[in-house]
Amino acid sequence: MIYSLEYFALFAAIISFVSFHIWRINRNLPIPNLPLLGMIPSILFNVSNIHEYATTALKHYGGTFKVRGPLFTNINFLITSDPMNLHHVTSKNFVNYGKGSEFHEIFDILGDGIFNSDSQKWKYQRNLLQSLFKQNIFENFVRKVIHKKLDGFLLPLLNEVSESRNVMDLQDIFQRFTFDSICSIVLAFDPNCLPNKLTQFPEVAAEKAFNKTEDAILYRHLVPRWFWKLQRWLRIGHEKDSIACQQILDKFLRDRISSSQEEKSRFNYTKDDESNFDMLKALVEKSGMEQVDHKFLRDTAINLLAAGRDTINSTFCWFFWLVSTHPNVETKILGEIKANFKTNEENWFISGMEDLDKLIYLHGAICEALRLFPPVPFEHKCAIKSDILPSGDRVDANTMVLYSIYSMGRMEQIWGNDCLEFKPERWISEKGMNIQVPSYKFMAFNAGPRSCLGKNISFIQLKIIAIALLWNFEFQVVEGHSVCPSVSIILHMKHGLQVRVTKRSN
Ligand code: HEM
């Protein structure tokens with residue numbers, strides 16, 4: 001009995017000593033690395049505030065650190081916000097970093113589209129889309145779609161809001177607006193999610209399915225691979241929803257692709273007339289397909305819908321929130337509009353590319369919103385062979401490199417001590433021109449050979465809408481409304497953006 005008490009005391013002393021030692025090592029670390037469990041418990045504990053948490057940790061570790069998972073799991077990846085590392089991964093040693101098989105599985109909804117492909121498959125699609133996006137007819141078509149949607153729907157709706165109850169969720173409105181416009185651009189079909197009357201808000205199944213699919217993708221990032229695969233096999237939980245959403249989206253796309261092909265004989269796509277532009281037809285023509293490849297068109301379409309919907313919506317929300325909470329910035333944007341356009345009261349319509357290029361301050365304000373709140377807050381790539389990053393960190397073959405674009409916008413080393421401030425002036429040179437920041441520092445559109453193909457049309461859309469809305473209306477965030485990022489693969493606002501809308505008297 002006495003012996004067992006002694007053994008127990010010895011055992012307790014060892015446990016206390018080891019615990020004290022672990023506590024001493026971890027007490028100053030932002031992400032404690034626990035024996036057996038690694039860093040995962042503290043990451044999960046802070047998941048609701050994950051972007052700020054990652055930023056604090058990255059600052060603590062000088063911009064790069066390894067995330068250790070529980071023992072006997074293969075959770076081991078490297079996270080970085082170091083611009084030199086990102087220049088290396090996205091450009092200098094581009095050939096060594098692909099999306100990897102895990103990405104392909106997690107984003108299976110995207111099929112073999114450009115986001116989900118590597119090597120030759122990716123290169124083929126990149127060249128095809130690039131040649132399509134750089135045509136004037138495409139840019140003019142995008143402008144036409146946006147003007148039509150603004151004139152016919154968004155402006156009348158905001159007018160009604162300003163005349164009646166005058167409070168609304170701008171995030172919901174923008175989400176509907178961007179879904180309608182990206183479907184019009186990619187599928188030549190407007191699902192009409194955004195009504196022009198307050199009493200007629202329709203539930204469009206495909207739009208809802210898109211939102212739910214995003215949740216399912218986030219979930220797959222948070223649980224072990226075998227777990228969500230088992231759920232999919234059993235058709236339960238998030239995976240049950242994901243299967244149902246995939247079916248809805250597949251039917252939506254199948255119908256659009258078939259009708260586009262049926263209409264093919266009715267009118268021909270003429271190269272110099274944007275009123276007849278149809279991206280699906282242009283894709284068939286450019287790719288030189290002998291027979292229409294439905295899977296290829298489906299995969300391309302869903303990738304473009306995913307690329308151009310939530311990214312634009314997220315930018316709008318953060319931009320309007322930042323502008324409405326910084327009256328000095330709003331005044332300067334309005335002054336710039338007045339100085340550059342014939343603002344004949346109700347008439348906000350702008351034509352010609354040069355006109356938008358004149359708006360140096362507005363351009364800076366949009367870049368600033370994208371710097372502080374990048375729509376894609378995290379990205380990951382997978383190393384094919386082992387490598388050493390410029391920071392000196394080793395990356396083993398098949399290891400994931402995760403980069404936090406959100407954290408990069410909050411690094412003093414990149415943006416200076418005022419990095420947390422919303423300052424469009426940061427983007428303007430002494431000569432009054434927009435400053436070009438290298439893409440490996442301003443990563444909102446990614447960098448290197450896989451940088452965003454929609455950057456140009458995004459700025460066009462964002463500027464046209466910002467001008468139309470700010471010139472015609474004032475937006476005031478409802479008192480007490482809490483604004484913070486949601487936990488999702490796109491940086492949405494967790495509680496939406498409740499604003500009071502009033503008509504502006506210019
Ligand atoms: C503010 C708006 C946008 C932002 C912030 C943005 C951001 C990004 C980012 C971060 C990537 C890299 C994704 C990855 O490698 O996983 C990307 C790629 C891409 N984006 Fe955008 N995007 C925007 C709008 C658009 C629009 C409107 C389109 C066209 C409809 C578009 C088309 C693409 C395409 C095709 C790629 C794939 C490039 C490749 O893998 O080679 N984007 N974008």
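Both ligands and their constituent atoms are indexed starting at 1 by order of listing.
Taking the six-membered ring for Trp and the full ring otherwise, the centers of Y440 and H88 sit at least 6.0 Å from each other.
Looking at D241 and K208, no side-chain N of the basic residue comes within less than 4.0 Å of a carboxylate O on the acidic one, giving no salt bridge. Ion pairing between a basic and an acidic side chain is recognised when a charged N comes within 4.0 Å of a carboxylate O; D255 and K251 show such pairing.
Side-chain atoms of D310 and P375, non-hydrogen and from C-beta on, never get closer than 4.5 Å to each other.
Under the 6.0 Å distance and 45° angle rule, R410 counts as a cation-pi partner of F373.
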Does ligand 1 have any N/O atom under 3.5 Å from a protein N/O, and what are those pairs and their distances?
from	atom 1	to	atom 2	distance (Å)
ligand 1	15 (O)	K99	NZ	3.0
ligand 1	16 (O)	K99	NZ	2.5
ligand 1	16 (O)	E379	OE1	3.0
ligand 1	40 (O)	W122	NE1	3.4
ligand 1	40 (O)	R450	NE	3.0
ligand 1	40 (O)	R450	NH2	3.3
ligand 1	41 (O)	W122	NE1	2.8
ligand 1	41 (O)	R126	NH1	2.7

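Under the side-chain contact (heavy atoms from CB on, under 4.5 Å) test applied with P374, the options I405, T315, T311, N446 reduce to a single match, I405.
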